[in-house]
Participant: 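Before I ask anything, let me first share the structure, which is written out below as structure tokens.
In what follows, chains carry the letters A, B, and so on, assigned in the order in which the sequence lines appear, proteins first and then strands, with residues in each chain numbered from 1.
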There are 2 protein chains.
Amino acid sequence: MENKTKSLWKSRRTLNSSGLRITNQRTLLLDLIHRGEGHLDADELYRLAREKQPRISLSTVYRTLRMLKNLGLVEEVHFDESHHHYEVPPAKEHHHLVCLGCGKVVEIHKALSRYIKKNVADAKDFEIIDTELRMTGFCPDCRHKRE
Amino acid sequence: MENKTKSLWKSRRTLNSSGLRITNQRTLLLDLIHRGEGHLDADELYRLAREKQPRISLSTVYRTLRMLKNLGLVEEVHFDESHHHYEVPPAKEHHHLVCLGCGKVVEIHKALSRYIKKNVADAKDFEIIDTELRMTGFCPDCRHKRE
DNA sequence: CTCAGTGCAAAAGCTTTGCATAATA
DNA sequence: TATTATGCAAAGCTTTTGCACTGAG
């Protein structure tokens, strides 16, 4: 997809201009993260990475994720589990709809975001920086199975 | 506060009717959780508990929290950190506004919840079970300090 | 008296770190 | 060549578990 390639190049440029080296490991991990459907965790990424570079280490995965997070090139998302998930910070914010039946994750449209943000900011006199919305429930398929 | 006492008794009744024993440790932990301002983590709870019962163990804290969670008497909340926080599931849902300056946590009013829920449920044909909304930003105090 | 609950210590996940080696700029 | 990044192994944190003992019902 056109956008993914663009975003990949942006990442490489950021590394470069931060004086960081573009290694095979970093290239591979960036590629996997951009190619992936998001919501990868470190272990999953490690598993995928080893298919291409069997000698890559889990430390490198963690170190790379931390670095990318600090650069703002990936974001950490916190689900119910006790470990972190990572995704490319999309134009979209973190508005997820998670199916309790099959685990499917659906993105929620942005119009709501603006509405919520404005509403809360006004009511509480806060300057809102980030919004994270997570809803759980049952998708149509799983709902039918339950009935 | 009147409400906290009520909610404490509800918890004890739930334990009782589930055939679970009401021990000193459980009484103490329930009390601390209800007395607390919410968003306690296991370690903080352990620290507080030891002031009253020096021999209580961290395992007991974790076991009790898991039990209370399963009974629906406390809820696990996931913030940025890599460990869990617990709070009494209030009439209110998990709608938090967190100040990035001082860490203050403000509850968001419920009207929004209904609006969001209905909107998303309609648009995505999901049956929504739970909504978790977390916004970060700067409270009036911290905003002024920054300027 | 009995069995659920506890404390302790040990283990189990996930994540980070120290250090010698390898690879980039 | 000069550092930065890597792999490996070991350590660190948070959370869970096994087991013998304690205490609630």
Participant: Would you say the side chain of B:Ile33 lies within less than 4.5 Å of the side chain of B:Leu73, judging by non-hydrogen atoms?
Facilitator: no
Participant: In whole angstrom, what separates A:Leu40's CG from C:dT15's P?
Facilitator: 13 Å
Participant: What are the residues of residues 52-65 of chain B, sorted by number, that bring a heavy atom to within less than 4.0 Å of DNA chain D?
Facilitator: B:Leu58, B:Ser59, B:Tyr62, B:Arg63
Participant: Can you list, in residue-number order, the parts of residues 20-31 of chain B that come under 4.0 Å of DNA chain D, counting heavy atoms only?
Facilitator: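 Going residue by residue through residues 20-31 of chain B, the ones with a heavy atom under 4.0 Å of DNA chain D turn out to be B:Arg21, B:Ile22, B:Asn24.
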Participant: Can you tell me how far the OG1 atom of A:Thr27 sits from the CD1 atom of A:Ile22, to the nearest 0.5 Å?
Facilitator: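 Reported to 0.5 Å precision, the distance equals 6.5 Å.
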Participant: Using side-chain heavy atoms (C-beta onward) and a distance below 4.5 Å, is A:Thr23 in contact with A:Thr60?
Facilitator: no
Participant: Answer whether the closest heavy-atom distance between the side chains of B:Asn24 and B:Ile56 falls below 4.5 Å.
Facilitator: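 The answer is no; the side chains never approach within 4.5 Å.
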Participant: Considering residues at least two apart in sequence or located in another chain, which fulfil the salt bridge (charged side-chain N to carboxylate O under 4.0 Å, His left out) criterion with A:Asp31?
Facilitator: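 In terms of salt bridge (charged side-chain N to carboxylate O under 4.0 Å, His left out), with neighbours along the sequence ignored, A:Asp31 is linked to A:Arg35.
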Participant: Taking the side chain as every heavy atom from C-beta outward, state whether B:Arg26 and B:Leu20 have any atom pair closer than 4.5 Å.
Facilitator: yes
Participant: Between atom CE in A:Met67 and atom C1' in C:dT15, what is the gap in whole Å?
Facilitator: 17 Å
Participant: Side-chain N or O of A:Arg66 versus OP1/OP2 of C:dT17: is the shortest distance under 4.0 Å?
Facilitator: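 Answer is yes, contact under 4.0 Å.
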Participant: What is the distance, rounded to the nearest whole Å, between atom CG of B:Asn70 and atom P of C:dG5?
Facilitator: 13 Å
Participant: Hey, which of these two, A:Asp43 or B:Gly19, hits DNA chain C nearer its 5' end, going by closest nucleotide?
Facilitator: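 Closest to the 5' end, via its nearest nucleotide, is B:Gly19.
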Participant: Just how far, in rounded Å, is C1' of C:dT24 from CG of A:Leu15?
Facilitator: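 Between C1' of C:dT24 and CG of A:Leu15: 13 Å.
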